[in-house]
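One structure below.
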There are 2 protein chains.
Amino acid sequence: MNNHSAFDTFMRAAFGMEPGGKTCNQLETIATTLSLDRGKIAPLDRSIDQIACITRGATKLAVHASGDREQIVAFHFAGDIVSIPSDGSHIYVMTSLVETELLVFPAREFFDQASAESTMARSLFDRLPAALNRCREKAVALGRMSAHERLAGFLTGMAERVGKRVGERIVLNLPMSRQDIGDSLGMTIETVSRQLGAMRKAGLIETRGRSQIVLRDIRELAKRAGHAKQANKKPPKNFEI
Amino acid sequence: MNNHSAFDTFMRAAFGMEPGGKTCNQLETIATTLSLDRGKIAPLDRSIDQIACITRGATKLAVHASGDREQIVAFHFAGDIVSIPSDGSHIYVMTSLVETELLVFPAREFFDQASAESTMARSLFDRLPAALNRCREKAVALGRMSAHERLAGFLTGMAERVGKRVGERIVLNLPMSRQDIGDSLGMTIETVSRQLGAMRKAGLIETRGRSQIVLRDIRELAKRAGHAKQANKKPPKNFEI
DNA sequence: TGCATTCATTGATCTGGATCAAAGACCATT
DNA sequence: AATGGTCTTTGATCCAGATCAATGAATGCA
């Protein structure tokens with residue numbers, strides 16, 4: 001369960017800590033390693049806040065609203081650190097999108113250790129505000145952007161995180177379904193599909209199979225992602241050619 | 001500009017630090033005190049990330065989307081700590097809602113100091129994830145809740161933060177306008193007004209003048225705030241009586 | 001290799017909330 | 001206490017995206 005050198009390597013990569021230090025060792029004692037197949041709910045203790053570090057794979061963190069709908073709060077990939085609250089009015093559920101490995105810490109002890117180790121603290125003080133800002137950007141998108149703009153923003157965001165440049169184009173192998181994309185952007189799968197269709201017709205993207213999307217004009221996508229709902233009243237109402 | 005004892009008192013209240021310490025003194029040297037009249041934009045250096053601590057009053061932090069609309073990312077009251085990014089695709093603007101006083105620190109130096117002082121670091125490791133979670137709850141509301149539910153959530157949230165119990169009722173003296181509420185909840189002032197009207201008709205609230213709202217049935221409001229958009233398909237479509 | 005099941009796309013219709021448009025209430029100033 | 005400007009409420013209409021309803025791939029498995 002605990003491969004010492006792998007743990008240390010991870011801690012160095014994640015927080016810039018020198019391996020074998022006291023903090024590193026103490027963190028290892030409170031860490032749990034989870035290996036999840038595709039589409040599994042991470043078995044987390046819901047009575048305490050947790051910190052998860054994704055070492056391999058991809059996950060979604062979602063709030064289960066009543067009924068059959070969920071709002072995905074964030075997607076996470078290898079190297080990402082995730083704060084998972086236990087309280088709050090909603091239940092948070094982390095689910096693997098592909099085969100995934102992650103380390104889980106009880107938040108209280110994790111932050112106790114981090115407070116005592118300035119290198120780690122400093123690293124977290126970069127990461128936490130960044131996570132907050134990503135969440136704020138998401139709130140702006142959900143509150144003020146049209147479906148088309150949200151999807152354009154999603155694609156450009158994914159391009160930065162998991163895109164592979166292939167010549168002029170950027171290739172995305174998305175681990176999440178249309179349902180996931182919809183649940184993340186606050187819209188239905190039908191709307192996701194329709195907007196992708198519009199972008200396809202406009203020559204901005206190609207879709208290959210269910211999971212691959214090729215971005216042919218990221219510049220235009222970024223432009224379309226940037227404008228607010230009732231922004232300029234001059235341009236026509238939709239983007240279809 | 002720098003009242004030493006006031007600064008120390010604030011640092012103790014905000015981060016539990018003993019006054020007069022080295023970190024406290026060093027933070028004081030990089031702090032700027034701002035006093036803002038009602039409705040003023042905080043004059044912040046946009047080239048660096050900033051940390052603001054509200055010592056008195058109330059503010060809104062908004063993203064200026066193109067055009068005439070803004071998305072309010074959060075409201076802040078005395079005691080709150082605000083992270084204000086400089087980068088990102090949008091411009092963040094902090095505006096006072098009433099007469100307000102705040103301390104502003106350059107984020108980099110602020111976190112450098114915090115990393116070295118475990119008491120302060122520990123305090124921030126409580127606050128930052130909490131801020132992230134509040135933002136996540138906002139994202140859930142914007143992505144999955146109806147206008148009625150968002151407003152109910154707003155009122156119950158405000159009740160916790162600034163509400164005063166008066167007998168059975170909770171009295172809110174809101175410092176923000178209907179426009180601000182709309183910009184926070186991703187809806188128009190007309191919709192805000194109509195939903196308040198519906199709650200008024202249902203006997204849940206009373207409005208007195210522009211800024212006072214009396215919550216008569218916080219239990220029912222909380223219930224209405226909790227359900228997701230397409231939750232249970234059995235109940236009727238709207239909440240009006 | 002074909003079948004089955006799940007996932008994605010496309011079409012038709014409906015609706016919550018936006019937009020457009022007055023009217024009414026509040027507050028500051030004189 | 002009257003006035004003017006701002007903010008809020010209310011009403012009428014419109015539209016982006018949800019919902020309802022098939023149809024059409026893609027992937028997994030026998």
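A quick note: this is a predicted structure, and the numbers were derived from the prediction, not measured. Lettering follows sequence order; numbering is per chain, from 1.
Rounding to whole angstrom units, CD of residue Gln179(A) and P of dA18(D) are separated by 12 Å. Taking atom CG of residue Asp183(A) and atom C1' of nucleotide dC7(C), one finds them 14 Å apart after rounding to whole Å. Atom CE of Met176(B) and atom P of dT6(D) are 22 Å apart (whole Å). Distance, Ile189(B) CD1 to dG24(C) P: 18 Å, rounded to whole Å. Across the protein-nucleic acid pair, Gln212(A) atom CD and dC7(C) atom C1' stand 17 Å apart, rounded to whole Å. Remark: C1' of dA16(D) and CD of Glu149(A) are 12 Å apart, rounded to the nearest angstrom. Rounded to an integer number of Å, the gap from CD1 of Ile205(A) to C1' of dT9(C) is 13 Å. For the pair Gln195(A) CD and dA16(D) P, the computed distance is 10 Å after rounding to whole Å.
A search for side chain to side chain contact (heavy atoms under 4.5 Å, CB included) contacts involving Ser96(B) returns Leu36(B), Lys40(B), Thr100(B), not counting sequence neighbours. Qualifying side chain to side chain contact (heavy atoms under 4.5 Å, CB included) partners for Ala141(B), counting only residues two or more places apart in sequence or in other chains: Met145(B), Arg150(B). A search for side chain to side chain contact (heavy atoms under 4.5 Å, CB included) contacts involving Ser184(A) returns Ile72(A), Phe75(A), Lys138(A), not counting sequence neighbours. Arg210(B) meets the side chain to side chain contact (heavy atoms under 4.5 Å, CB included) test with no other residue; sequence neighbours excluded.
Applying the salt bridge (Lys or Arg N to Asp or Glu O under 4.0 Å) rule to pairs touching residues 45-58 of chain A yields Arg56(A)-Glu99(A), Arg56(A)-Glu101(A), sequence neighbours excluded. Residue pairs satisfying the side-chain hydrogen bond (donor to acceptor under 3.5 Å, both in side chains) criterion with at least one member in residues 174-183 of chain A, sequence neighbours excluded, are listed as follows: Lys60(A)-Asp180(A), Ser177(A)-Asp180(A), Gln179(A)-Asp183(A), Asp183(A)-Arg144(B). Among pairs with a residue in residues 152-171 of chain B, those fulfilling side-chain hydrogen bond (donor to acceptor under 3.5 Å, both in side chains) read Asp80(B)-Arg161(B), at least two apart in sequence or across chains.
Put simply, Ser193(A) has a side-chain N or O that comes within less than 4.0 Å of OP1 or OP2 on dT9(C). Put simply, Ser177(B) has no side-chain N or O that comes within less than 4.0 Å of OP1 or OP2 on dC7(D). For Ser146(A), no side-chain nitrogen or oxygen approaches OP1 or OP2 of dA16(D) to under 4.0 Å. Residue Arg194(A) has no polar side-chain atom (N or O) positioned under 4.0 Å from OP1 or OP2 of dT9(C).
Between dA18(C), dT8(D), dT10(D), one nucleotide has an atom nearer to the side chain of Arg178(B) than all others, and that is dT8(D). Residue Thr191(A) has its side chain nearest to dA18(D) when only dT9(C), dT9(D), dA18(D) are considered. When the nucleotides dT9(D), dT10(C), dT19(C) are ranked by their closest atom to the side chain of Leu196(B), dT9(D) comes out on top.
Using a cut-off of 4.0 Å between Lys/Arg side-chain N and Asp/Glu carboxylate O, Arg224(A) and Glu220(A) are scored as salt-bridged. The pair Arg216(A)-Glu206(A) meets the salt-bridge criterion, with a side-chain N (NZ, NE, NH1 or NH2) lying under 4.0 Å from an Asp/Glu carboxylate O.
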>> Generate the contact string for nucleotides 24-30 of chain D. Rules: B means base contact, S means sugar-phosphate contact only, - means no protein heavy atom under 4.0 Å.
In response: -BBS---

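Between the side chains of Glu190(A) and Ser193(A), no donor N or O sits under 3.5 Å from an acceptor N or O.
The bend of the helix from dT1(C)-dA30(D) to dT30(C)-dA1(D), defined by the angle between the axes of its first five and last five pairs, stands at 50° to the nearest 10°.
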